[in-house]
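Encoded as structure tokens, the structure appears first; notes follow it.
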Protein chains: 2
Amino acid sequence: MTPARPATLREVAEAAGVSPSTVSLVVNKKKDARISAETRRRVRDAIRDLGYRPNALAKTLVSGSSRFIGLVADAIATTPFAGQIIHGAQDEAWKHGYALLIANTEGNSDLEKDAITMMLEHKVRGILYSTWFHRVTEIPEALREADFVLVNCFAAEDGVRAVVPDEAQGGREATELLIRAGHRRIAFINATIPAPAKDGRLAGYRAALDDGGLAFDPALVLEAYPDQEGGYDAVPALLALGATAVYCYNDRMAAGLYDGLRERGVSVPGDLSVVGFDNQEVIAAHVRPPLSTVALPHDELGAAGIRLLLGLDSPEESIVKVECPPVERASVAATDAAFTTPPDAAR
Amino acid sequence: MTPARPATLREVAEAAGVSPSTVSLVVNKKKDARISAETRRRVRDAIRDLGYRPNALAKTLVSGSSRFIGLVADAIATTPFAGQIIHGAQDEAWKHGYALLIANTEGNSDLEKDAITMMLEHKVRGILYSTWFHRVTEIPEALREADFVLVNCFAAEDGVRAVVPDEAQGGREATELLIRAGHRRIAFINATIPAPAKDGRLAGYRAALDDGGLAFDPALVLEAYPDQEGGYDAVPALLALGATAVYCYNDRMAAGLYDGLRERGVSVPGDLSVVGFDNQEVIAAHVRPPLSTVALPHDELGAAGIRLLLGLDSPEESIVKVECPPVERASVAATDAAFTTPPDAAR
DNA sequence: CTGAAAGCGCTAACAC
DNA sequence: GTGTTAGCGCTTTCAG
């Protein structure tokens with residue numbers, strides 16, 4: 001039985017017949033402490049017998065620095081994304097001996113302020129401020145009192161540390177998946193909603209086209225609401241373009257596109273190759289055929305945020321961009337055009 | 001500028017020319033403390049000038065009880081579910097003045113032990129031990145040292161507090177959605193994987209059939225792997241049954257079923273009504289047509305866990321079942337049979 | 001090799 | 001009304 005009030009270090013000392021400081025030394029395995037094997041044993045026994053647990057709070061009080069890192073999120077459950085950020089942050093924090101204190105604010109700034117206050121009062125080492133979709137953000141005043149880094153968002157002002165996904169590089173990889181398969185007429189269905197992702201993913205598309213020696217044709221860029229319904233509705237316009245491949249703003253859009261395509265007897269990837277963006281597991285890995293896409297590295301965003309906070313990474317820029325790796329599945333097929341210009345015969 | 005070392009209560013006292021206890025009294029707004037308006041003002045000013053933040057850790061040390069609740073999860077990012085549990089728990093904990101300390105264990109029992117140890121050392125008020133899918137679980141030894149409640153899982157032994165979804169009630173509601181629409185030949189595609197959900201959802205199906213005066217026909221229950229591929233593959237067998245409606249073990253299965261149905265020209269809900277289970281937003285709300293289903297109340301599971309831990313709820317049974325509410329969308333249509341026995345003409 | 005003493009920031013009696 | 005004192009559980013010089 002564990003006693004109601006947990007045993008203290010002092011009690012262990014008494015039980016072992018030594019002083020508190022001796023117990024402290026053996027508990028913390030101080031290298032330079034010379035404790036006789038005999039004493040050490042007696043202390044260990046007492047610890048076991050009493051079921052002693054060090055009090056991390058008291059430890060913090062004397063050492064002055066706590067082992068907490070706060071994570072404030074604007075929407076923990078709305079998407080799987082926030083979960084991944086928490087996951088990445090938690091693992092990395094843990095690795096360095098820190099525990100994560102989390103708060104969900106639903107974007108409510110009062111809650112946000114309270115959450116940050118709570119963290120400050122618990123003397124967190126620092127705070128990760130995260131958003132579920134990549135965007136610019138205001139910095140709550142209270143946050144400035146802490147050592148903080150922005151995750152999946154960034155500030156308008158300069159010099160504020162942040163970690164965000166590299167949308168342009170991702171868009172480029174997505175497009176390249178298609179170009180490498182020989183496609184030359186590649187449509188892009190962008191989002192209707194303004195966001196860093198909208199601009200970045202388009203920029204990446206253009207960059208890949210450029211590199212591939214393909215002209216950018218504005219007519220090939222459509223816009224749709226970034227979900228299944230948007231993708232579904234975009235089908236007629238897309239089909240009118242005569243493209244052999246399409247790169248969608250996100251996986252949800254691609255999933256809706258699949259439905260519309262199937263209804264019209266257009267097969268993927270036989271008649272049309274498709275790539276998405278986000279790598280939203282539940283969707284991308286399980287539609288028919290499995291969707292090739294580019295991953296939004298939320299875990300890594302969280303982990304990088306922690307490293308930045310702890311000063312383990314010291315990048316040149318205050319805003320660090322994390323790569324979005326392509327994940328190839330089965331929605332891209334080679335087109336004949338590929339055989340028109342085989343690598344070796346090029347020129 | 002915030003000083004490197006935050007101001008302490010003692011410094012505030014000196015700055016205000018009062019004693020520490022006076023400051024303590026005004027900070028904590030003690031009702032029965034008689035502090036002159038003048039003193040109160042001086043203290044407040046000093047607090048503001050020094051940017052004073054109470055140290056919650058020191059407070060905890062003296063009061064003996066911390067304001068932390070630990071949440072250990074076996075898979076934060078694998079599914080959206082864990083995120084919802086965290087969300088529900090966090091909100092409820094917050095409401096009662098507690099902060100959530102979270103740990104992700106990936107089911108690794110060493111990590112699990114470390115996580116629990118860390119929480120114990122931080123003197124958490126209690127621990128919520130959660131799993132991402134509903135199942136029986138072992139209780140890690142260390143956990144017994146804390147006040148704990150199981151969330152989305154339960155122990156084999158008696159008397160251990162736990163909160164789980166009411167699978168049978170959910171299965172019953174799902175089936176009733178179909179029965180109420182007049183269906184009389186209702187197939188059920190269960191999971192191939194043993195789990196409380198498998199048994200519960202089947203039991204609910206049978207109960208609903210019973211209540212509806214329909215005979216249970218074992219031939220109408222199929223089994224498939226509980227994901228999109230499983231649902232897709234089950235289509236031929238399902239179609240051979242001649243059912244007018246089908247209840248799927250989960251939404252992912254239903255989504256795969258949609259694909260297979262569409263390929264064969266079977267329309268939902270025109271030719272076949274479909275209901276799922278889980279209410280996995282990204283899928284259920286956005287397939288075509290939107291899927292009627294039954295929600296797995298993960299948020300509520302987390303919240304109920306907190307209330308149980310805090311002793312705010314005191315149920316009769318140690319295992320509390322949380323209701324799975326039906327969410328109707330557009331995948332169920334009335335069948336002619338409904339008009340054969342209109343409610344009023346019944347008997 | 002080990003113990004005594006001071007103090008981390010705060011609260012709670014109890015004085016005055 | 002407000003100050004004094006004594007710890008909460010622990011670490012850390014500094015003696016011995």
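Heavy atoms only: backbone and side chains are in, while hydrogens, waters and symmetry mates are out. Letters A, B, ... are given to chains in the order of the sequence lines, protein chains preceding strands, and every chain is numbered from 1.
- Across every non-hydrogen atom of A/Leu101 and A/His122, the tightest pair is CD2-CB, 4.3 Å.
- Of the side-chain N and O atoms in A/Ser21, none sit less than 4.0 angstrom from OP1 or OP2 of D/dT11.
- Atom CG of B/Leu25 is separated from atom P of C/dT11 by 9 Å (rounded to the nearest Å).
- Ranked by how close their nearest DNA chain D nucleotide is to the 5' end, B/Pro20 and A/Leu61 are led by B/Pro20.
- Contact between the side-chain N/O atoms of B/Ser24 and the OP1/OP2 oxygens of C/dC10 is not found at any separation under 4.0 Å.
- In terms of phosphate contacts, B/Asn55 brings no side-chain nitrogen or oxygen within less than 4.0 Å of OP1 or OP2 of C/dC8.
- At whole-Å resolution of the value, CG in A/Leu57 and P in D/dG7 are 21 Å apart.
- Of the candidate nucleotides D/dC10, D/dC8, D/dT2, D/dC10 has the atom nearest to the side chain of A/Val62.
- Among all heavy-atom pairs drawn from B/Ala103 and B/Ala115, the shortest one is CB-CB, 3.6 Å.
- In this structure, A/Ile47 places its CD1 atom 16 Å from P of D/dG9, rounding to the nearest Å.
- In terms of position on DNA chain D, the residue among A/Val27 and B/Ser36 whose nearest nucleotide sits closer to the 5' end is B/Ser36.
- A/Thr60 comes within contact range of no nucleotide atom at all, as no heavy-atom separation falls under 4.0 Å.
- The heavy-atom pair separating A/Ile85 from A/Val151 by the smallest distance is CG2-CG1, 4.0 Å.
- Note on ring orientation: taking the six-membered ring where Trp is involved, the planes of A/Phe68 and B/Phe68 are tilted (angle from 30° to 60°).
- Nucleotides of DNA chain C nearest to A/Thr22 and B/Thr8 differ in position, and the one nearer the 5' end is that of A/Thr22.
- Among B/Leu120, B/Ile116, B/Val160, the one residue that satisfies the side chain to side chain contact (heavy atoms under 4.5 Å, CB included) test with B/Leu143 is B/Ile116.
- Counting to the nearest Å, the C1' atom of C/dG9 and the CG atom of B/Leu9 are 7 Å from each other.
- Rounded to whole Å, the distance from CD on B/Glu14 to P on C/dC10 is 13 Å.
- Put simply, B/Lys59 has a side-chain N or O that comes within less than 4.0 Å of OP1 or OP2 on C/dT11.
- The interatomic distance linking A/Arg10 (CZ) with D/dC10 (P) rounds to 9 Å, in whole Å.
- The nearest whole Å value for the distance from the CZ atom in A/Arg67 to the P atom in D/dC10 is 18 Å.
- Computed from coordinates, the B/Arg53 CZ to C/dC8 C1' distance equals 20 Å when rounded to whole Å.
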